[in-house]
Amino acid sequence: MEKIEIYSHSLDETNKLAKILANNLKSESIILLSGDLGAGKTTLVGGILNELGYKDHVVSPTFNILKCYFEVTPNVFHIDAYRLEDQNHDIGLEEFIEGEGICFIEWPKFIEELIPNRNLKINIYRIDDNSRKFEIIDETDSYLDVLKAIKEAK
């Protein structure tokens with residue numbers, strides 16, 4: 001298991017992390033994003049999508065549960081499982097979680113049974129209005145190259 005911590009004190013610094021992730025994540029990557037409401041989960045996904053060439057504003061798929069971005073390579077699937085607490089999870093999300101693309105899952109604790117072990121966990125802690133702590137955990141050593149790229153950019 002490998003774990004690193006990154007501190008961001010501005011949106012620009014968060015976007016630097018997003019750029020590293022965008023350049024190092026591969027198709028079939030599964031990224032679990034945890035943090036309180038407003039911590040910056042969707043902001044990080046938006047920064048990654050912008051680095052991959054998506055030009056529009058990215059919003060959380062809280063009410064849709066899933067948003068697909070087929071106009072970037074690799075494809076990106078953005079799941080917000082917040083509304084799935086205590087709900088039937090048999091809605092076909094596995095097709096996207098294990099699909100050909102990068103899958104970001106906000107509030108993964110609500111659909112744990114659908115998520116394979118080969119994932120990268122990113123816990124985001126809000127320090128103040130502009131500052132965040134990113135705790136990045138690779139429990140299965142599936143993302144060592146991603147963690148190495150982040151460490152090298154520090």
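All residue numbers refer to positions in the sequence shown, counting from 1.
- More than 12 heavy atoms of other residues, nucleotides or ligands lie within 6.0 Å of NZ in Lys67, so this atom counts as buried by the packing criterion.
- Looking at Phe77 and Phe70, their side chains come closer than 4.5 Å, going by heavy atoms from C-beta outward.
- With contacts defined as side-chain heavy-atom distances shorter than 4.5 Å, the pair Leu120/Leu32 does not qualify.
- For Asp141, the CG atom is densely surrounded, since the number of other residues' heavy atoms within 6.0 Å is greater than 12.
- One hydrophobic cluster, built from ILVMFWY side chains closer than 4.5 Å, cannot hold both Ile137 and Leu21; they sit in different ones.
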Checklist line | Evaluation steps, salt bridge (Lys or Arg N to Asp or Glu O under 4.0 Å), between Glu2 and Lys151 | finding: CA-CA 12 Å; Glu2 180 100 19; Lys151 286 180 188 176; 2.2 Å; yes

Next item on the list: Show your reasoning for whether side-chain contact (heavy atoms from CB on, under 4.5 Å) applies to Ile31 and Asn119.
Entry: CA-CA 6 Å; Ile31 312 304; Asn119 57 68; over 6 Å; no

Margin query: With side-chain contact (heavy atoms from CB on, under 4.5 Å) as the criterion, how do Leu52 and Thr73 come out once you've worked through the C-alpha distance, each side chain's angles and the decisive distance to 0.1 Å?
Written below: CA-CA 7 Å; Leu52 293 174; Thr73 303; over 6 Å; no

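- A 4.5 Å side-chain heavy-atom check between Phe134 and Asn123 finds every atom pair outside the cut-off.
- For Lys19, the NZ atom sits in a loose shell: 12 or fewer heavy atoms of surrounding residues, nucleotides or ligands are nearer than 6.0 Å.
- When side chains are defined from C-beta on, Tyr7 counts as touching Ile127, because their heavy atoms get closer than 4.5 Å.
- One side chain, Ser60 or Asp80, offers a donor N or O that lies under 3.5 Å from an acceptor on the other.
- No continuous path of hydrophobic side-chain contacts links Tyr125 to Val45 [ILVMFWY only; heavy atoms under 4.5 Å].
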Checklist line | Derivation of the side-chain contact (heavy atoms from CB on, under 4.5 Å) call for Leu25 and Val146 | finding: CA-CA 7 Å; Leu25 293 173; Val146 176; 4.1 Å; yes

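- Enclosure of atom OH in Tyr82 is not indicated, since only 12 or fewer non-hydrogen atoms of other residues, nucleotides or ligands lie within 6.0 angstrom.
- Dense packing is recorded around CG of Asp128, with more than 12 heavy atoms of other residues, nucleotides or ligands lying under 6.0 Å away.
- Here the side chain of Tyr143 pairs a donor or acceptor atom with the backbone of Ile30 at under 3.5 angstrom.
- A salt bridge is absent between Arg118 and Glu139: the closest approach of a Lys/Arg side-chain nitrogen to an acidic carboxylate oxygen does not fall below 4.0 angstrom.
- At a threshold of 4.5 Å between non-hydrogen side-chain atoms, the residues Thr43 and Val58 do not count as touching.
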Next item on the list: Output, in order, the C-alpha distance, side-chain angles, deciding distance and verdict of side-chain contact (heavy atoms from CB on, under 4.5 Å) for Phe96 and Leu114.
Entry: CA-CA 11 Å; Phe96 299 97; Leu114 302 179; over 6 Å; no

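- Proximity of Glu100 to Asn75: side-chain heavy atoms (C-beta onward) are nowhere separated by under 4.5 Å.
- A salt bridge is defined here as a Lys NZ or Arg NE, NH1 or NH2 lying under 4.0 Å from an Asp or Glu carboxylate O, and Asp138 with Lys3 fails to meet this definition.
- The only option from Thr42, Leu33, Ile79 that meets the side chain to side chain contact (heavy atoms under 4.5 Å, CB included) definition with Phe104 turns out to be Leu33.
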Next item on the list: Start with the C-alpha distance between Ser10 and Asn130, add both sets of side-chain angles, then the distance that settles side-chain hydrogen bond (donor to acceptor under 3.5 Å, both in side chains), and finish with yes or no.
Entry: CA-CA 5 Å; Ser10 68; Asn130 298 313; over 6 Å; no

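- Between Ser34 and Pro108, the closest side-chain pair of non-hydrogen atoms falls below 4.5 Å.
- Here the side chains of His78 and Leu66 are not in contact, with every heavy-atom distance at 4.5 Å or above.
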